[in-house]
There are 4 protein chains.
Amino acid sequence: MDKRVDARKQPRQARSQATVEAILVAAARVLEREGSRAFTTNRVAEVAGVSVGSLYQYFPNKEALIVALHDRHGRAMHRVIGDALADGAHATLREAVAAVVRGMLAAHADEPELHRVLEHEYASFDERTSAPDTGFDIYREVRRLLRRHAGEVRVADRELAAWAVAHTVHALVHAAVLEPPRRRRRGALEGAIVDVVLAYLAVPSTSR
Amino acid sequence: MDKRVDARKQPRQARSQATVEAILVAAARVLEREGSRAFTTNRVAEVAGVSVGSLYQYFPNKEALIVALHDRHGRAMHRVIGDALADGAHATLREAVAAVVRGMLAAHADEPELHRVLEHEYASFDERTSAPDTGFDIYREVRRLLRRHAGEVRVADRELAAWAVAHTVHALVHAAVLEPPRRRRRGALEGAIVDVVLAYLAVPSTSR
Amino acid sequence: MDKRVDARKQPRQARSQATVEAILVAAARVLEREGSRAFTTNRVAEVAGVSVGSLYQYFPNKEALIVALHDRHGRAMHRVIGDALADGAHATLREAVAAVVRGMLAAHADEPELHRVLEHEYASFDERTSAPDTGFDIYREVRRLLRRHAGEVRVADRELAAWAVAHTVHALVHAAVLEPPRRRRRGALEGAIVDVVLAYLAVPSTSR
Amino acid sequence: MDKRVDARKQPRQARSQATVEAILVAAARVLEREGSRAFTTNRVAEVAGVSVGSLYQYFPNKEALIVALHDRHGRAMHRVIGDALADGAHATLREAVAAVVRGMLAAHADEPELHRVLEHEYASFDERTSAPDTGFDIYREVRRLLRRHAGEVRVADRELAAWAVAHTVHALVHAAVLEPPRRRRRGALEGAIVDVVLAYLAVPSTSR
DNA sequence: GATGAATGAGACTTCATTCAT
DNA sequence: CATGAATGAAGTCTCATTCAT
């Protein structure tokens, strides 16, 4: 019982491009400010300033909106990591990890609630839907990071380490924007996240 | 417009106790095996073998079911941590952390999906509802742990560390049961989680 | 992509029995008096004096209503033919055919439009739906009729004759109630239908 | 609340003619192959290779498409009967009837489903719409046939006979293409239809 | 207390039709 | 004239909750 979630129609005219964009922006806004309870196709269309019909012209169903937003976010995260891994971008592992963490924090700062909700909604139809794998594997990226800075890394099982690091960073970034501890600035949280990762991965140093 | 979510009445008789229990077990089972989409009051009542009417006799609304399950899980986690902190239970920080991680993994192993869903369902009405704080503060527990083993801990900002550790452990335990890396046994995952926490918290040692 | 059309729930209490009956009566009435355009689940529920929810408690979807009505009509026709075939009911083929035609005309007289619409609606989802074969084969019944009165029948290919007779009678009965020729009484139409069938089937006689 | 269903404008230019034709062909094809559910103006336009807007340039609404197809089919049937009645075309009643039946079978063979659907769609808005009587009366044609071969016809009430014959032929032709009995060739069906009609109309002969 | 039939607001989605480009 | 994006009324169906028995 698969459900299609890919875009129903490719917008050709500039007008439709704008409509699609408006719908996605509205979807994100509704999710962020009104919660998943209020996330109805009619409400999204209303906020987008278009009719429900227009929404369905470009998205076959409500889930497709979630998928599109999720995909969009996934690509952004991919870009952040990719940038941190770019040739010669960062000399040390710590610098690279810091860049990733900083990028992710920035990407989640504006609409923190959105990403939490998105994750839940996306997971909730993961199976019924032929959710197109966003195509990129975050673990692979982390493993590349570890390989590139192999000299500084002490963990033996790199795949296990990639798993641990990916989930840790993800969780702490979300926690940083959604449930930050009192009175800490973002910089402090960024530092803590980097510390957790580095302490685990890197050979002990005297620093810190 | 607050919504009551506390149990509608305290069941005094044994039969009522059993009914409430059956409903909660059914709720957990539906959430675990059939997903949040199927989580309807009628379905829960059916699985519990009672009528919807009876369900509403003990729970004022659907959210109360989620709250009850969430609360129940919270208490269980509390107990796990409490045990690990019991006087003289564990000599070293590593042992104490390992005990906590082991306990949490065990508590999540049976119904992993349940806890993921629960968390999001609970969060989704966090605000509209006057969700009674389950009364215990996980951070406080972690801070107690750090204080007790202060000698082994090097981090300066203990509250920040508690925040980081609590979220890290929570995320990795969930990931361990829901999205474990291929071919690693639970013991390996447990080890990795402890490693992440210890590397961050403890003064460097030669171990590992 | 099968669609279920069988009753969703078996009504157990007397109250539900009445509800189901009211819904079917309302469905027939709407189809007959307001046409298939007006045949919406809300309208049917309204005419039945119940809520849409009740309708869906007993019929999984709109099509199930059509199927139920169709089935009901099929059984009635079956009964008519069965009665005409009952042992010793009719001495001659003409009498038997006349009995069938009379019975069918009576059965269609009250709600002629209903049966026309029903047929169309039923046919329109014949394939998408796993329409339960009403279980009885009208051809078989006609063949039995021909066999029983074999002495009077001259047609060689009985199966072909059954096909022709079944469709002819069906069409003329419908036409008789829906588009009768001007100023003919029902008796005259009944006679004409029997004449068409008998002239085709029976050995020529001097009668008429 | 009458609704206009006649062509919105008479296409004068060749290109317009072609567009109208393409639309009608597409409408027939959709109805035949995809069913009345799929018969949407957008789908018809798509299959016709034109925009919806263009469709509405030539047809004021969806019903007009049905009317046009129905009308077209009616004219074709009229032609078939007219040919069979042409002066000196057929010497005997049987030959004339056979010609009509053969012509009708041929006309329905290509798109059998289309005609069934058409009939019901047409009937479904017969009243709301001021459906222009297609202008020719099939009964009149049949009566002419009976009059011309009066010598061979034994039935007394010619109008009643025309009614019976018209409906019988119509039903059997449709049945022949839509629900033919197993393993009979079209010739056999044609023969059976002619037999039914002739046995009813004509004076008994020794033939057959 | 228990039952389960009934309710009905409201969510999702379609499609005939219009109109700016 | 053609295009196709946009509209929105209307229809199907679900499910939390109530209440007569």
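As the structure is a prediction and not an experimental result, all values here were calculated from the model.
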Would you tabulate the pairs of protein nitrogen or oxygen atoms and nucleotide nitrogen or oxygen atoms of nucleotides 19-21 of chain F closer than 3.5 angstrom?
none

Identify all stems in which DNA chain E takes part, counting only runs of at least 3 consecutive pairs (Watson-Crick or G-U wobble, each distance under 3.5 Å), and give each as one range with another, ordered by first number. E:2-21 with F:2-21
Closer to the 5' end of DNA chain E via nearest nucleotide, is it C:T19 or D:T41? C:T19
For B:V50 and for C:V50, find the nucleotide of DNA chain E with the closest heavy atom, then tell me which residue's nucleotide is more 5'. B:V50
Where is the tightest heavy-atom contact between [X] and [Y], given as atom of each residue plus distance?
X: D:L31; Y: D:E113; value: O-CG, 4.4 Å
X: C:L24; Y: C:L69; value: O-CD2, 3.7 Å
X: D:F59; Y: D:A68; value: CE2-CB, 4.1 Å
X: A:V47; Y: A:R29; value: CG1-CD, 4.0 Å
X: D:S36; Y: D:E121; value: CB-OE2, 3.4 Å
X: B:I23; Y: B:Y58; value: CD1-CD1, 4.5 Å

Among [options], which nucleotide has an atom closest to any side-chain atom of [X]?
X: D:Q57; options: F:dC1, F:dT12, F:dA5; result: F:dC1
X: A:K62; options: F:dA16, F:dT14, E:dT13; result: E:dT13
X: A:S51; options: F:dA6, F:dT3, E:dA16; result: F:dA6
X: B:Y56; options: E:dA16, F:dT17, E:dC12; result: F:dT17

Which residue lies toward the 5' end of DNA chain F, D:G49 or C:N42, if each is placed at its nearest nucleotide? D:G49
Which comes earlier along DNA chain F counting from the 5' end, the contact point of A:S54 or that of C:V52, where each point is its nearest nucleotide? A:S54
Is there a side-chain contact (heavy atoms from CB on, under 4.5 Å) between C:V117 and C:F39 once you walk through the steps? CA-CA 10 Å; C:V117 174; C:F39 186 68; over 6 Å; no
Can you tell me the distance, in whole Å, between the [atom1] atom of [X] and the [atom2] atom of [N]?
X: A:E46; N: F:dG8; atom1: CD; atom2: P; answer: 12 Å
X: A:L55; N: F:dA5; atom1: CG; atom2: P; answer: 15 Å
X: C:Q17; N: E:dA6; atom1: CD; atom2: P; answer: 11 Å
X: A:F39; N: E:dC12; atom1: CZ; atom2: C1'; answer: 12 Å
X: A:N61; N: E:dC12; atom1: CG; atom2: C1'; answer: 9 Å
X: D:R37; N: F:dT12; atom1: CZ; atom2: P; answer: 10 Å
X: A:R43; N: E:dC12; atom1: CZ; atom2: P; answer: 13 Å
X: D:I23; N: F:dT3; atom1: CD1; atom2: C1'; answer: 13 Å

Would you say a side-chain N or O of D:Y58 is under 4.0 Å from OP1 or OP2 of F:dA2? yes
E:dA11 phosphate, OP1 or OP2, under 4.0 Å from A:T40 side-chain N/O: no
Flag the pair B:E111 and B:R72 as a salt bridge only when some basic side-chain nitrogen lies within less than 4.0 angstrom of an acidic carboxylate oxygen. no
Check this for me: does any side-chain nitrogen of one of A:E46 and A:R43 sit under 4.0 Å from a carboxylate oxygen of the other? yes
Full working for side-chain contact (heavy atoms from CB on, under 4.5 Å) between A:H120 and A:R116: CA-CA 7 Å; A:H120 172 40; A:R116 186 175 60 74; over 6 Å; no
